[in-house]
Amino acid sequence: MQNSLLQQLTTSQKKAVLHIEGPLLVLAGPGSGKTRVITYRIAALIDSGIQPYNICAITFTNKAAEEMRQRAIALGASAGARISTFHSLCVRILRQYADKAGINPNFSIYDQADQTRCIKQAIKDCELDTTNFPPARMLDAISSRLKNNLIDVDNFKAIADDFFTETLAKLYARYQDILAEKNALDFDDLLMKTALLLQNCSDVCCELSNRFKFLLIDEYQDTNRAQYVIAKALVWQHNNICATGDPDQSIYRWRGADIRNIINFEKDWPDAMVVKLEENFRSTPNILAVADNLIAQNQNRKEKKLVPTKPHGTDAVISSFEDEAEETQSIALKVQELSGKGASLQDIAVFYRVNAQSRLLEEAFIHNKIPYQVVRGVEFYNRKEIRDILAYLKVLVNPDDEIALLRIINTPARGIGKTTIDRVRAYASLHKLSFLEALKKSEHIDSLSKAPKEKIAGFVKMLEMFKKDIKGDVAPLAERVFIESGLEKSLREAGPDGQNAIENINELINAAALYDKQTEQPELIDYLQQISLFSDADAYDGSSEKVAFMTLHTAKGLEFENVFIAGVEQGLLPHERSSESENDDELEEERRLLFVGITRAKTSLHISYARYRTIRGQLLRTIPSQFLFELEIDFSESNQNVPRPSWPWYHGLEARDTLYAFAAGELVRHKSFGLGRVKEFIDMGENSVVVVEFNSGQTKTLMLKYAGLSKVNV
DNA sequence: TCAGGAATGCTTTTT
DNA sequence: GCATTCCTGA
């Protein structure tokens, strides 16, 4: 490799880049250039005569893969290395070895919404109710506890030993059958089926580990059991694995990530070389100190220092605001101030724990006319009209995809209603046919009258016409489906919302055209599988002059000059759901999440919380996050003189001032107890309690919201 | 068959 | 609070 390029690296980085043969673990703190190390390594490997074809690098998002590809090429590496996410890699492997994996290569990939429909169906089929067996929880158990740990249906049946696990085993079995009937795999199946394939077919394992002579994995701390098994299998022949990661940035335990994978790396590969990258090139010492104070509170960790290399800067700030509207308003104002001082909007990001927090931020930024982007890629693909048109395309590739088929059969309305569908379904299950096959034989279904039969025939004929065009470019087919299915016409007649939907579909067709252009051999199935694996972070456009809003999870791997973290309150961060387990594991993961957020900041960091927040329609008094006290920053609850938002829809404060704020000593009137004086006011937002001593001599403790107290102005 | 309103449920994070 | 599903009437 060219010396001039290597000179850009530190001694430790160089060591990691140039250690070619054998296992290598790069333990790297935030901002230490670990992704850079992988990129340089790819270039160095190719430089030392290794064929790009023999290199496989695994990143966390598609976006990261794309960036890595381009940077490697910029370093002089020829293209051809496989750089992708675990999921994309699995799709490729499963399609290539479909027979051996026992699947049909035209499978659909089911996302959360599809999965939920399937699990609901399974719960119904097993004659269970959704109250005792909530779909979301069942799905979570199946995916993160079972599939990600490579426990398949048979394994689980063998170990189930009480009512709940036995029921779950039945449910799991039924759920897998439903997916199989529809020729669909969910996200976890992609990993599990690949891992099991590699485990069970040594010839496939052999072939792949000969093809990928060098494996590089970024964000190794967030791999789960299935991914670990895949990695292990891929390096079976040579042990040329390079993993980089930081246990302190592990934030995906809840979806099966197993931190032991990185902790036990040296046990798995005893001859591993370990390189530590502790210098931080991203943040000021002020920011790093705060991050360090916070993460030091985690008991379950190996101590690690963050060594700053940048000069001192401004201190991190914690601000408190009256409520979430004031919080977002003041973030907007602060952004304007930064921008006025010359900061570019794309260097500013706002992070939060839950997606719901983006709405108020958007309102504040719209009000203040500041351009922003909400980094939430999957949202686009979750729009109704997008799902509709994609469902048409999915059915063309995978006729067994009943969920997609049911979605489009009467979209737009073509007179095939519930009754008709039920009759066809009954016929299908009686004759052991798929739903589409039953539709094709509809003229033989006696329970149907003439009109529905004709409508079904028309629908089937339309699908068959589309199917003739399935080869080649995707965009023209998508456009044709949009118009000829009647979707376009129905949206055109649906007013402004419809117009918006049309624009979205046009955007999808444009994206498909881009795919056609950039892909050597465009294929509908490949396109559909690719967009199924599209992630939130993939939507981030770092080149546009906009402030970025995203969750703390999405922020992983990114960096910004100026970072805001909003809503740092008990219940939100740490999230209330994280306190359900009896140990501190989940709390520590929440702490790591904040750590990840803080360490994204290069020069300025603004943490905030609101004293009141409306949650699910209830105004609640909040408690500052316990983490705030661990940062060792001075902060007080003083009002910071934020101009109250003057937006027409903003009523929060006024409402609370009159309804929810009483002071001891205040004179009040109750509709039946009459006049009284407030003895004590326990502020819990909407659930506040007042103790009133009435003139009648009685002292009452009242729930404010039911008491109907009014203030008496003296 | 379907639109529209009422009732119910569900709410972390994501590939 | 919002989204989905359920239910009723046309």
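Counting to the nearest Å, the C1' atom of B:dT15 and the CG atom of A:D140 are 14 Å from each other. Distance A:L593 CG to B:dT14 P: 10 Å, rounded to the nearest Å. With rounding to whole Å, A:H87 atom NE2 is found 9 Å from B:dT14 atom C1'. To the nearest angstrom, C1' of B:dT14 lies 15 Å from CD1 of A:I109. We find that CZ of A:R577 is positioned 14 Å from P of B:dT14, with the value rounded to whole Å.
Residue A:S578 is classed as having no contact, given no heavy-atom separation below 4.0 Å to the nucleic acid. Among the heavy atoms of the strands, none lies under 4.0 Å from A:A356. At the heavy-atom level, A:R359 lies under 4.0 Å from the strands shown only through sugar-phosphate atoms. At a threshold of 4.0 angstrom between heavy atoms, the contacts of A:F86 with the nucleic acid are absent. Here A:E589 lies out of heavy-atom contact (under 4.0 Å) with every strand. Within 4.0 Å (heavy atoms only), A:D188 reaches no atom of the nucleic acid at all.
If you find the closest nucleotide of DNA chain B to A:R376 and to A:P134, the one lying nearer the 5' end belongs to A:P134. Nearest-nucleotide assignment on DNA chain B puts the 5′-proximal partner with A:R414, out of A:R414 and A:L191.
Counting heavy atoms from C-beta on, the side chains of A:I119 and A:I142 come closer than 4.5 Å. Side-chain contact between A:I525 and A:Q529 is present, with at least one heavy-atom pair separated by less than 4.5 Å.
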Handout entry: Canonical and wobble pairing (Watson-Crick, G-U, under 3.5 Å) of DNA chain B, dot-bracket with |
Key = ||||||||||.....
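Under 4.0 angstrom from either OP1 or OP2 of B:dT14 there lies at least one side-chain N or O belonging to A:T554. Dashed line: the shortest gap from a side-chain N or O of A:T420 to OP1 or OP2 of B:dT1 is under 4.0 Å. For B:dT12, neither phosphate oxygen OP1 nor OP2 lies less than 4.0 angstrom from any side-chain nitrogen or oxygen of A:T551. Contact annotation: A:R253 does not reach the phosphate of B:dT13 (side-chain N/O to OP1 or OP2, under 4.0 Å). Contact check, A:R353 against B:dT13: no side-chain N or O comes under 4.0 Å of OP1 or OP2. Between A:N224 and B:dT15 there is no side-chain polar atom (N or O) within less than 4.0 angstrom of OP1 or OP2. Regarding contacts with the backbone of B:dT13, a side-chain N or O of A:N355 is found under 4.0 angstrom from either OP1 or OP2. Considering only side-chain N and O atoms, A:N410 lies under 4.0 angstrom from the phosphate OP1 or OP2 of B:dC2.
Listed nucleotides B:dT15, B:dT11, B:dT14 differ in distance to A:H553; the shortest reach to its side chain belongs to B:dT14. Ranking B:dT12, B:dT15, B:dT14 by closeness to the A:F187 side chain, first place goes to B:dT15. Distances from the side chain of A:A413 to the nucleotides B:dC2, B:dT12, B:dT14 place B:dC2 closest. When distances run from any side-chain atom of A:K120 to the nucleotides B:dT12, B:dT14, C:dT5, the shortest one goes to C:dT5.
By the 6.0 Å and 45° rule, A:R621 stacks over the aromatic ring of A:Y612. Seen from the ring of A:Y252, A:R255 counts as a face-on cation partner, given the 6.0 Å and 45° thresholds.
Side-chain N or O atoms of A:R414 include one that pairs as donor or acceptor with a backbone N or O of A:S485 at under 3.5 Å. With A:D218 contributing its side chain and A:I38 its backbone, the two residues share no donor-acceptor pair below 3.5 Å. The backbone N or O of A:R353 lies less than 3.5 Å from no partner atom in the side chain of A:H575, so there is not a single donor-acceptor pair.
Annotation for A:R225: atom CZ does not count as buried by contact number, only 12 or fewer foreign heavy atoms lying within 6.0 Å. By the neighbour-count criterion of 12 heavy atoms within 6.0 Å, atom CD1 of A:I623 is sparsely surrounded, having that number or fewer from other residues, nucleotides or ligands.
B:dT11 and C:dC6: their P atoms are spaced 15 Å apart (whole Å).
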